[in-house]
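Presented below is the structure to which this report refers.
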Amino acid sequence: QVEKLLAQQYVLKVDDPTEINEKRQYAQMAIDLAQKAADKLPADAEAQVSIAAACGKMCDLVDSKTKVELSKRIYREATRALVLDPNNDFGHLILARWNFELASLNPFIKGFVQVVYGQFPPASKDEAIVQFKEAIAIAPYRIVHHAEYAKALDAMGNKAAAREQWKQVAELKPVYTLDRHYQSVANEYLRAK
């Protein structure tokens, strides 16, 4: 339990430093701690989600080959977490983001990656929307769910729905430092539109 909680804290801490090597250190610590927790608590959905979240943080800090391997692991761990607990909101959020990112890849790049590194599980923007909505239904008070959904909707050109999600972000009570960042983004978005 302690390793799981520490892993979750290191996942959050990755965003704090500006230096990439320090970010990588925190992300690796989160992955290592989450894996230890998952090994000791194989039936704990949060431990599996912690691995997926830590790998997600590491994705922005590594080379393409490592990113591909991490992406497969993210999908595997988030899916495993949802088998253990279908009401794990972060599991749904992670699968939503995974589906959206993979479905948004340039088809040529995606095809090349699959030839070189192997087949990915199917991904779609429709599935991303289903997963975003599920995360929000389970935990409507979490700012991150609304913010990530708003970003996806905006990228898909659904400005009206994105605006509604950003309004939710602006109105909810912040808990984490990242929540305040999302609220700042929401306020800028709402002022500009």
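For the salt bridge (charged side-chain N to carboxylate O under 4.0 Å, His left out) test, no residue two or more places apart in sequence or in another chain qualifies with Asp60. Contacts of Lys40 classified as salt bridge (charged side-chain N to carboxylate O under 4.0 Å, His left out), with partners at least two apart in sequence or in another chain: Glu3. In this structure His146 satisfies the ring-ring contact (aromatic ring centres under 6.0 Å, His included) test with no other residue, sequence neighbours excluded. With sequence neighbours excluded, the residues satisfying side-chain contact (heavy atoms from CB on, under 4.5 Å) with Arg76 are Arg73, Arg80. Legend: residues meeting side-chain contact (heavy atoms from CB on, under 4.5 Å) with Ala137, ordered by chain and number and at least two apart, are absent. Residues passing the side-chain contact (heavy atoms from CB on, under 4.5 Å) test with Leu5, sequence neighbours excluded: Gln8.
For the residue pair Asp44 and Gln48, no side-chain donor N or O sits within less than 3.5 Å of a side-chain acceptor on the partner.
With Asp154 contributing its side chain and Ala150 its backbone, the two residues share no donor-acceptor pair below 3.5 Å.
Residue pairs meeting the salt bridge (charged side-chain N to carboxylate O under 4.0 Å, His left out) criterion with at least one member in residues 22-31, sequence neighbours excluded, do not occur. The stretch residues 169-185 participates, sequence neighbours left out, in these side chain to side chain donor-acceptor pair (under 3.5 Å) pairs: Glu148-Tyr182. Applying the ring pair (Phe, Tyr, Trp, His ring centres under 6.0 Å) test to pairs two or more places apart or on separate chains, those with a residue in residues 57-82 are Tyr75-Trp98.
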Validation: residues 121-132 side-chain donor-acceptor distances under 3.5 Å, sequence neighbours left out:
unit_1 : atom_1 : unit_2 : atom_2 : d
Ser124 : OG     : Glu127 : N      : 2.9
Glu127 : OE2    : Gln131 : NE2    : 2.7
Gln131 : OE1    : His92  : ND1    : 2.6

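What you find for Ile94 and Ala78 is that their closest heavy atoms are CG2-CB, 3.9 Å. Among all heavy-atom pairs drawn from Val169 and Ala147, the shortest one is CG2-N, 3.5 Å.
At least one side-chain heavy atom of Ile136 sits under 4.5 Å from a side-chain heavy atom of Gln165. You'll find the side chain of Val175 stays beyond 4.5 Å of the side chain of Tyr141, heavy atoms only. The shortest side-chain heavy-atom distance between Ser50 and Val11 does not fall under the 4.5 Å cut-off. When side chains are defined from C-beta on, Ile74 counts as touching Cys59, because their heavy atoms get closer than 4.5 Å.
Note that NE2 of His145 and CG of Leu172 are 11.0 Å apart. Values are rounded to the nearest 0.5 Å. To the nearest 0.5 Å, atom CE of residue Met156 and atom NZ of residue Lys151 are 13.0 Å apart. Remark: Glu134 CD to Asn87 CG distance equals 7.0 Å, nearest 0.5 Å. For the atom pair CD (Glu46) and CG (Asp85), the distance works out to 8.0 Å, reported to the nearest 0.5 Å. A distance of 11.0 Å separates CG of Leu84 from OG1 of Thr79, quoted to the nearest 0.5 Å. One distance of note links OG of Ser104 with CZ of Arg97; it measures 11.5 Å at 0.5 Å rounding.
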The test is salt bridge (charged side-chain N to carboxylate O under 4.0 Å, His left out); show your working for Lys57 and Asp15 and say whether it passes.
CA-CA 9 Å; Lys57 290 291 186 176; Asp15 295 322; 2.6 Å; yes

Verdict with supporting geometry, Asn21 and Gln25, side chain to side chain donor-acceptor pair (under 3.5 Å)
CA-CA 6 Å; Asn21 285 333; Gln25 286 177 333; over 6 Å; no

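No single ILVMFWY cluster, assembled from side-chain heavy atoms under 4.5 Å apart, contains both Phe90 and Ile138. By the criterion of side-chain heavy atoms lying less than 4.5 angstrom apart, applied directly or through intervening Ile, Leu, Val, Met, Phe, Trp or Tyr residues, Ile51 is not grouped with Val144; the two fall into different hydrophobic clusters.
Using the six-membered ring where Trp is involved, Trp166 and Tyr189 have ring planes that are tilted, between 30° and 60° apart.
Hydrophobic cluster of Val83: no remaining members, since no ILVMFWY side chain lies below 4.5 Å from it. Hydrophobic cluster of Leu33: the remaining members, joined at side-chain heavy-atom separations below 4.5 Å, are Val2, Leu6, Tyr10, Val14, Ile20, Tyr26, Met29, Ile31, Met58, Leu61, Val62, Leu70, listed by chain and number.
A salt bridge links Glu164 and Lys167; the closest N-O separation between the charged side-chain nitrogens and carboxylate oxygens is under 4.0 Å.
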